[in-house]
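Each residue takes its place number in the sequence, starting with 1.
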Amino acid sequence: KSSILVVAVRLNGSKLAGGSVYINNIEVGSLDPVGASFSFTPEEMPDLKESENELKVVARDVDGIEYSDSLIFGLID
């Protein structure tokens, strides 16, 4: 819970312009277009559950096209 987690994004054939990161449908941050990443510490995020948390990334390329992906994760002490 206290480890820093990094979400990295890679768009094949396009350049990242930005994007948003959501946990359990709550926007928790934005993607840094230079580093193409977002980092967080789970213990600092409100309303995380021990299991079945959804992390969703919506990325936007320089042409304005949006891409999204998600995963389900849990927490380990």
Side-chain angles (χ1 to χ4, degrees):
K1 291 182 181 181
S2 62
S3 297
I4 296 173
L5 301 177
V6 178
V7 177
V9 175
R10 185 175 81 182
L11 299 178
N12 291 327
S14 190
K15 185 176 178 183
L16 180 69
S20 299
V21 179
Y22 300 86
I23 297 179
N24 298 330
N25 294 318
I26 298 169
E27 186 172 4
V28 295
S30 58
L31 292 170
D32 171 21
V34 174
S37 65
F38 170 78
S39 62
F40 70 99
T41 304
E43 68 185 5
E44 295 175 356
M45 292 290 158
D47 303 323
L48 281 184
K49 302 173 276 187
E50 291 297 316
S51 63
E52 299 296 318
N53 295 289
E54 181 186 32
L55 173 85
K56 181 178 180 179
V57 175
V58 179
R60 187 179 64 259
D61 71 9
V62 293
D63 295 321
I65 299 171
E66 286 192 351
Y67 305 86
S68 67
D69 204 353
S70 64
L71 61 86
I72 303 296
F73 70 97
L75 303 175
I76 300 173
D77 285 330

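Remark: Ser37 engages Val6 in a side-chain contact (heavy atoms from CB on, under 4.5 Å) (not counting sequence neighbours).
More than 12 heavy atoms of other residues, nucleotides or ligands sit less than 6.0 Å from atom CD1 of Ile72. Counting non-hydrogen atoms of neighbouring residues, nucleotides and ligands closer than 6.0 angstrom, the CG atom of Asp47 reaches no more than 12 such neighbours.
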Distance-only donor-acceptor pairs under 3.5 Å for side chains of residues 52-59, two or more places apart:
from, atom 1, to, atom 2, distance (Å)
Asn53, OD1, Asn24, ND2, 3.0
Asn53, OD1, Lys49, N, 2.9
Asn53, ND2, Lys49, O, 2.6
Asn53, ND2, Phe73, O, 3.4
Glu54, OE2, Ser70, OG, 3.4

Please output the side-chain donor-acceptor pairs of residues 11-19 that fall under 3.5 Å, not counting sequence neighbours, one pair per line with the distance.
from, atom 1, to, atom 2, distance (Å)
Asn12, OD1, Arg10, NE, 3.4
Ser14, OG, Asp61, OD2, 2.9

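When hydrophobic clusters are built by joining Ile, Leu, Val, Met, Phe, Trp and Tyr residues whose side-chain heavy atoms come closer than 4.5 Å, directly or via intermediates, Leu75 is not grouped with Tyr22. Both Val28 and Leu71 are part of a single hydrophobic cluster, where members link through side-chain heavy atoms under 4.5 Å apart.
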Legend entry - Derivation and outcome, side chain to side chain contact (heavy atoms under 4.5 Å, CB included), residues Tyr67 and Val9: CA-CA 10 Å; Tyr67 305 86; Val9 175; over 6 Å; no
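Considering all non-hydrogen atoms of both residues, Phe38 and Met45 come closest at CZ-CE, 4.4 Å.
Cluster partners of Val34 are absent, since no Ile, Leu, Val, Met, Phe, Trp or Tyr has side-chain heavy atoms less than 4.5 Å from it.
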